[in-house]
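Here's the structure we're looking at; comments come further down.
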Amino acid sequence: MESGMVSVDRWTAGSQVYFLTHLHADHLCGLTSKWSRGPLYCSRITAKLFPIKFPDFDLSLLRIVEIGHWHSVSLLSPSCGSYTDVDFMAIDAHHCPGAVMYLFRGEFGCTLYTGDFRWESTSERAQTGRTMLLKAMKDVKLDMLYLDNTYCNPTYCFPSREAAAKQVLNIISSHPNHDVIIAVDTLGKENLLLYISRVLKTKIWVWPERLQIMHLLGFHDIFTTKTSVTRIRAVPRYSFNIETLEGLNTIRPTIGIMPSGLPWAPRAFRGKEKLSSESPPVLLHNRWPTDVTTSSTSSKPNGGSLSAGRDDHYIYTVPYSDHSCFPELQKFIEFVMPINIKGIVSSSASNVDPLYHFGSLCRIQQASVLLCQSLRNKRYEKVGVINMRSSFGCTGTMQLGRKRRKRQISSAGIHVSRVRLLRRERQGVKIVDTDPD
DNA sequence: GCGATCAGAT
DNA sequence: CACATCTGATCGC
C-alpha cells in the first residue's frame, strides 16, 4: 500500500486514517488522550474499553469496525493526487478481548495485518474466523501479510489454551488447601479465569482496575475485590515474583501460576544467582508435550528444571498463550498463502523474520535477498535504528533521536514519587494485596 | 513544573 | 532470551 494513507498500531504523523488492533500497551506507544491526527478505527469491544486507557480521549474520533463486515474509506493517494477507495474488514484475532486483524483491499492490492493473534484449530470460534477470512479473500491473492511473529521459531510449540487451562486446573486441584495467585495483564486470559471459576464454582479476586474491565466485558458475578471470599487471585504480572510468593507463604500456603508461552523461565523465577556456565538453560518446553491432556504430570514447579535455587519452589509455569505458536503460524500462512510476509514484532533477536522459516511458503522470488537485508538490519538495530510497528508503505524504521545524556546528579525523591503517583492516578492503582495484614 | 519518551527491570 | 507492564531518568517545552 502506498505510504501516507493507513497506519496500524502506529501513531506517528503522516497517515490519513489509523487502525488499532487491540489495547495492549505495546501497541499504543505514541497514542495519548490528546490524539488529533485523524480517525481511529477499532473493534466495538476495544472502543468500549478505550476510555479506561485514555480517559480524556475525544471519542468522536473513534470509528467502530464491525467484525466480518466490509467497510470503506476514500483516501487521497499522495502519488497521483486523486482519491481512491480502501476497503477493510476486521476479523477476530482470538488474542485478548477486542483484538482483531485487519484485511485491506484496494488499488494497492490485498494486505492482511494480523496484530497479535492466536490461530487455534480446535475452537468453534476459530472456525468462524477461518470461514470469514476464506470468504473475504475469495478470488484475491494476498499480496502482503503483516504477521504476529512473537513465537516465530520452531522451538515455540505449545498446546491449545483449552488444554493449558486444564493443566492449570489440575495444578489448583492438587493443592486444595493452598491459596493460588495467577499472573495476568490488564487485558487477556479472561477465558482461563472464567474456566477456573466455572469448574471450581468459585469467584476470583482481581485488583480494582481489573474488576472494572471485567464489568465492561460483561462479567458481573464472577470476579471480586474481596480477598475473603476466594482462595484464587489473579494478580498483575509485574507484581508476580518469587519474593511475593515467599512473602505470601509466611502467612498462608500459596502457589503461583504463570500462564505464558515463553519457553524460558523468566528471570524473576530463577533466583538471584547466575546460571552456571556448565549448565545451560533448559527448555521448559521439554515439559510441555503438545498433546497434553488433562494429565497433570507435565507441570512441576520450575525449581527442578533450572539451576535456580529452591526459591521458585512455589511457582508453576503453564504454556497458556494468547499468541500463535510456530506450528499455528505455519498453518496460518499455508491457509492465507501470502506473496510476502513481514513480522510486526522486531525488537529482539528471538523474533525471527518470518521469511526465514516461511519464505518458501511465499510466492516471492527474492526471499533470500530480503532475508539478508533483514538480518543485516537486525544486527545494527540496537546501535541506531528502532523498528517500529509496521505501517503500510513506510520503511518501518526510523533513526533514534537524541542520544540520552547520563547525568550524575539524580533527581530528588520527591519528584520521583510524584511522577509515579500521577501515573497511578491516571491509570488506576495497582494493588496486589500481597501485604500480610 | 509538566508531559512525553526512553532504557531498564520484572 | 522478554508475553506486557511498570519505574525512574531525562528531554523539550
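Protein chains get the first letters and strands the later ones, always in sequence-line order, with residue 1 at the start of each. Below, each value reflects all heavy atoms present in this structure, side chains not excepted, and no hydrogens, waters or symmetry copies. None of the values given here were measured: they were computed from a predicted structure.
- Between A:D116 atom CG and C:dT5 atom C1' there is a gap of 14 Å when expressed in whole angstrom units.
- Computed from coordinates, the A:H22 NE2 to C:dT5 P distance equals 8 Å when rounded to whole Å.
- Atom CG of A:D26 and atom C1' of B:dC6 are 16 Å apart (whole Å).
- In this view, A:E120 and A:R118, A:R161 satisfy the salt bridge (Lys or Arg N to Asp or Glu O under 4.0 Å) rule, not counting sequence neighbours.
- Distance A:H27 NE2 to C:dT5 P: 9 Å, rounded to the nearest Å.
- Listed nucleotides C:dC3, C:dT5, B:dA4 differ in distance to A:T150; the shortest reach to its side chain belongs to C:dC3.
- Candidate nucleotides C:dA4, B:dG3, C:dC3 were compared by shortest atom distance to the side chain of A:K34, and B:dG3 ranks first.
- Formation of a donor-acceptor pair under 3.5 Å by the A:D9 side chain with backbone atoms of A:T21 is found in this model.
- Protein atom CD1 of A:I344 is 11 Å distant from nucleotide atom P of C:dC3, rounded to whole Å.
- The pair A:R231-A:D179 fails the salt-bridge criterion, with no side-chain N (NZ, NE, NH1 or NH2) lying under 4.0 Å from an Asp/Glu carboxylate O.
- Going from atom NE2 of A:H24 over to atom C1' of C:dC3 covers 9 Å, rounded to whole Å.
- Comparing C:dT5, C:dC3, C:dA4 against the side chain of A:K53 picks out C:dT5 as the nearest.
- For the OP1/OP2 pair of C:dA4 and a distance below 4.0 Å, the side-chain nitrogens and oxygens of A:H323 include at least one atom meeting the criterion.
- The residue A:K189 sits apart from the nucleic acid: no heavy atom pair falls under 4.0 Å.
- Going from atom CG of A:N241 over to atom P of C:dA4 covers 20 Å, rounded to whole Å.
- Under the salt bridge (Lys or Arg N to Asp or Glu O under 4.0 Å) criterion, A:R237 pairs with A:D185, not counting sequence neighbours.
- A:D185 places its CG atom 5 Å from the P atom of C:dT5, with the value rounded to the nearest Å.
- Under 4.0 Å is where a charged nitrogen must lie from a carboxylate oxygen, and between A:K34 and A:D56 no such pair does.
- Contact check, A:S239 against B:dT10: no side-chain N or O comes under 4.0 Å of OP1 or OP2.
- Residue contacts for A:T186: at a heavy-atom cut-off of 4.0 Å it reaches the sugar-phosphate backbone alone, with no base atom in range.
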